[in-house]
S.K.: 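Pasting in a structure now, in structure tokens, and then I'll have a few things to ask.
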Amino acid sequence: MAKTPSKIAYPFKKTNKKIYAPPKAQETPHSIYWKKLGLPVLVKEYGAIDCLDFCPVQPYYFAATCSVRVQVYDPITKVVAKNLSQFVEGAYGATFRGDGRLLVAGSEEKVVKLFDVQSKNVLRVFTGHTAPVHRTFFTKDNLKVLSCSDDKSVGLWDIATEAQVASFTEHTDYVRAGATSPISPDIILSGGYDNIVKMYDCRTNETVLTVNHGDPIESTLFLPSGGIFVSAGGTQIKVWDIFNGGKLLSCISSHHKTVTSLRLSSNNSTLISASLDRHLKFYDISTFRVVHNIDFPNAILSMAISDRDDVLAVGMIDGVISISKREHSKIKKIDTDAENKTSFKFVSDFNALSSIDLSVTKQKIAAEPLMEKYLRKHEYSRVLATTLLTASMYPTRTVAMLQELLKRNVFHTALGGIDDRHLYKLLKFIQRKLGETMFNRTLIDVLNVVIDVYGNQVHLLTETNQILYKNIAKKVAAEIEVCKKVSELEGAINLLLAGAQVGTTPVDTNEILAPSAVAQKEIVIDV
């Protein structure tokens with residue numbers, strides 16, 4: 001009987017799928033550093049974000065130029081702190097002065113306007129351009145303003161006299177980029193849509209350097225030494241050496257659409273570029289190589305970063321501002337003794353301890369705060385009652401929880417479910433803290449809800465709560481009278497200052513400027 005041949009066993013090799021897996025991004029110190037910027041908060045404006053600029057002094061507000069206004073945002077709360085809306089037509093290129101007290105902006109009205117940030121008043125109106133002004137800057141000494149206009153000219157204006165001290169008309173197309181030297185108040189830079197970057201010396205009113213970028217210029221920037229500047233246009237960023245006759249040091253081509261904005265960060269050691277390709281790229285200033293990249297949902301028109309890289313603001317073409325705040329890591333103390341403490345349920349032989357591979361450590365689960373527990377269960381009256389128990393000891397925590405209830409639109413519900421004892425605590429807290437600047441905005445909103453709920457039922461409250469309610473009403477009325485008197489006094493002072501003649505002597509940057517005669521025509525209504 002013939003034997004059937006046995007099956008031959010062939011070796012089997014699994015398909016290697018890893019070769020098609022996308023490569024993992026390599027972690028570098030730069031990428032780790034920039035990834036600490038928290039999740040962005042998106043703020044919507046009514047027009048494309050033309051320009052963003054951070055105030056160089058605390059509290060580091062940033063100005064967003066869009067449509068017919070300049071919005072000054074608080075980077076912590078992400079809400080508008082100031083609204084400069086003294087524009088009939090579009091506003092452009094608002095920037096802060098070095099001391100943070102003044103702000104300058106161009107406009108579609110062919111003028112440059114200088115604002116007092118605190119009062120929002122127009123202090124100067126520089127007239128002379130014949131086309132819209134898209135970029136404005138302060139000089140190093142804070143005494144002059146640089147303007148770049150679509151009339152193909154560059155103007156330099158004296159803040160004290162409101163006069164034009166220099167004008168350069170050598171460009172053959174729109175001028176929409178510029179910069180002032182970080183080391184000299186007399187050296188300025190301009191970039192035009194004629195592909196040319198020009199450097200001027202205002203002491204002689206002459207052009208001292210001209211370079212051809214090769215594409216329409218969107219942004220220019222001096223490096224801190226003052227001897228090198230960077231120009232952005234088209235998809236390229238170019239670095240130029242001033243002291244070597246405008247020699248091209250580097251050409252960066254990492255974007256595939258127009259580069260719109262340039263900034264310095266990390267104590268001037270990192271260059272950041274924004275582009276219409278939705279990318280924000282970070283370069284090491286020593287090698288000009290890309291060290292990090294951030295993607296955004298739409299084309300980027302402007303970008304700015306605060307001191308110490310704490311807040312990054314990015315403005316997009318659809319009017320959205322992305323605000324990212326750095327998450328500062330908390331240092332936790334490691335308890336080595338606690339880590340070494342182990343627990344065993346049962347060991348039959350003491351000598352067997354040497355063969356144990358794993359020991360189980362006791363882990364304590366942190367108790368959830370009572371207020372957070374009630375908030376999670378939507379028991380808002382209990383949240384309010386528990387918060388008010390410690391209101392006098394922890395006022396900041398109390399106001400934060402009141403603000404949270406207001407944001408959720410449940411404060412009416414919470415207020416309707418508390419008793420007279422807790423209502424007394426709430427009214428007492430409002431009476432005591434209403435005058436404090438850091439709390440008054442939230443407490444005014446709280447007081448409005450209290451009036452909505454109890455306004456027609458004050459006579460039903462306890463006698464003590466009625467007295468508190470009336471005392472708060474008297475305090476608010478007295479505060480309104482004080483505001484009226486301050487406004488009258490401010491108006492009288494402005495009239496006196498308007499009648500004073502402006503001298504030609506140099507102005508101290510710390511001196512409060514009086515509005516000029518032209519600026520007096522700008523009507524400001526502050527509600």
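Scope of the values below: all heavy atoms of this structure, side chains included, with no hydrogens, waters or symmetry mates. Here the structure is a predicted model, which is why all the values come from computation and not from measurement.
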S.K.: So do P297 and M316 actually touch side chain to side chain, heavy atoms under 4.5 Å?
M.R.: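 Result yes, sub-4.5 Å side-chain heavy-atom pair found.
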S.K.: Check the pair V80, V43 against side chain to side chain contact (heavy atoms under 4.5 Å, CB included), reporting the backbone distance first and the verdict last.
M.R.: CA-CA 10 Å; V80 177; V43 179; over 6 Å; no
S.K.: Please determine whether the number of non-hydrogen atoms from other residues, nucleotides or ligands lying under 6.0 Å from atom NZ of K433 exceeds 12.
M.R.: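 For K433, atom NZ is crowded (more than 12 foreign heavy atoms under 6.0 Å).
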S.K.: Is any side-chain heavy atom of V57 less than 4.5 Å from a side-chain heavy atom of D99?
M.R.: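 Sidechains of D99 and V57: no contact.
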S.K.: Could you check if a side-chain atom of L249 sits within less than 4.5 angstrom of a side-chain atom of N244, using non-hydrogen atoms only?
M.R.: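 A side-chain contact is absent here, since even the closest heavy-atom pair is not under 4.5 Å.
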S.K.: Name the orientation class of the two ring planes belonging to F115 and F87 (parallel below 30°, tilted from 30 to 60°, perpendicular beyond 60°).
M.R.: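 Answer is tilted, since the angle falls between 30° and 60°.
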S.K.: Just verifying a value: how many Å separate D50 CG and T65 OG1, rounded to the nearest 0.5 Å?
M.R.: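 Between atom CG of D50 and atom OG1 of T65 there are 6.0 Å.
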S.K.: Do you know which two heavy atoms are closest between I300 and H279, and how far apart they sit?
M.R.: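 Heavy-atom minimum between the residues: CD1-O, 3.8 Å.
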S.K.: Between the side chains of R408 and E404, is the shortest nitrogen-to-carboxylate-oxygen separation below 4.0 Å, so that they form an ion pair?
M.R.: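 So E404 pairs with R408 through a salt bridge.
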S.K.: Give, for atom CD1 of I196 and atom NE2 of H213, the distance between the pair rounded to the nearest 0.5 Å.
M.R.: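 Reported value, rounded in 0.5 Å steps: 11.0 Å.
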S.K.: I'd like to know if K82 and D116 make a salt bridge, using a cut-off of under 4.0 Å between side-chain N and carboxylate O.
M.R.: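 Result for this pair is no, no salt bridge flagged.
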S.K.: Set out, in order, the CA-CA distance, both residues' side-chain angles and the distance that settles side chain to side chain contact (heavy atoms under 4.5 Å, CB included) for I183 and K140, then state yes or no.
M.R.: CA-CA 7 Å; I183 60 173; K140 172 66 176 175; over 6 Å; no
S.K.: Can you tell me if K113 uses its side chain to pair, donor with acceptor, with the backbone of Q86 under 3.5 Å?
M.R.: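 Indeed, once roles are kept as given, a pair shorter than 3.5 Å links the two residues.
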S.K.: Looking at side-chain heavy atoms only, is the closest gap between P75 and Y61 below 4.5 Å?
M.R.: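 When only atoms from C-beta onward are counted, Y61 and P75 do touch, with a gap below 4.5 Å.
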S.K.: Going by heavy atoms in the side chains, are L271 and S273 under 4.5 Å from each other?
M.R.: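 No; the side chains remain at least 4.5 Å from each other.
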S.K.: Would you call D53-R263 a salt bridge at under 4.0 Å N-O?
M.R.: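 Between R263 and D53 there is a salt bridge, with a charged N closer than 4.0 Å to a carboxylate O.
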S.K.: With the side chain counted from C-beta on, respond yes when R135 and T95 share a heavy-atom pair under 4.5 Å apart, and no when they do not.
M.R.: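 The answer is no, as the side chains (C-beta and beyond) never meet within the 4.5 Å cut-off.
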S.K.: Evaluate the side-chain proximity of R326 to W34: yes if any heavy-atom separation is below 4.5 Å, no if none is.
M.R.: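 Yes, side chains in contact.
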S.K.: Angle class for the W240/F229 ring planes (parallel below 30°, perpendicular above 60°, tilted otherwise)?
M.R.: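 Ring orientation of W240 relative to F229: parallel.
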S.K.: Measure the acute angle between the ring planes of Y200 and H171, then classify it against the limits of 30° and 60° as parallel, tilted or perpendicular.
M.R.: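 It falls in the perpendicular class, over 60°.
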S.K.: Is R176 salt-bridged to D150, cutoff N-O under 4.0 Å?
M.R.: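 Looking at R176 and D150, the cut-off is met.
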S.K.: Evaluate N142 against L102 for side chain to side chain contact (heavy atoms under 4.5 Å, CB included), listing each step before the verdict.
M.R.: CA-CA 10 Å; N142 290 333; L102 300 181; over 6 Å; no
S.K.: Return the minimal non-hydrogen interatomic distance between K44 and V320, and the atom names on each side.
M.R.: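 Taking every non-hydrogen atom into account, CD-CG2, 3.6 Å.
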S.K.: With distance as the sole criterion, is a donor-acceptor pair present between the side chains of N267 and S269 under 3.5 Å?
M.R.: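 No, because no side-chain N or O of N267 sits under 3.5 Å from a partner of the opposite role on S269.
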S.K.: Could you tell me whether a side-chain N or O of S306 sits under 3.5 Å from a main-chain N or O of V311, the two making a donor and an acceptor?
M.R.: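 Indeed, once roles are kept as given, a pair shorter than 3.5 Å links the two residues.
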S.K.: Examine the side chains of E218 and T258 and answer whether a donor and an acceptor come within less than 3.5 Å of each other.
M.R.: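 No, no side-chain donor-acceptor pair sits under 3.5 Å.
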S.K.: Ring centroids only, cut at 6.0 angstrom: are Y60 and F54 within range, meaning strictly under it?
M.R.: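 No: the rings miss the under 6.0 Å criterion.
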S.K.: Would you say K470 has more than 12 foreign heavy atoms packed within less than 6.0 Å of its NZ?
M.R.: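 No - once you tally the heavy atoms of other residues, nucleotides and ligands closer than 6.0 Å, there are 12 at most.
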S.K.: Under a 4.5 Å cut-off applied to non-hydrogen side-chain atoms, are T127 and Q164 in contact?
M.R.: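 Side chain of T127 against side chain of Q164, heavy atoms only: no contact under 4.5 Å found.
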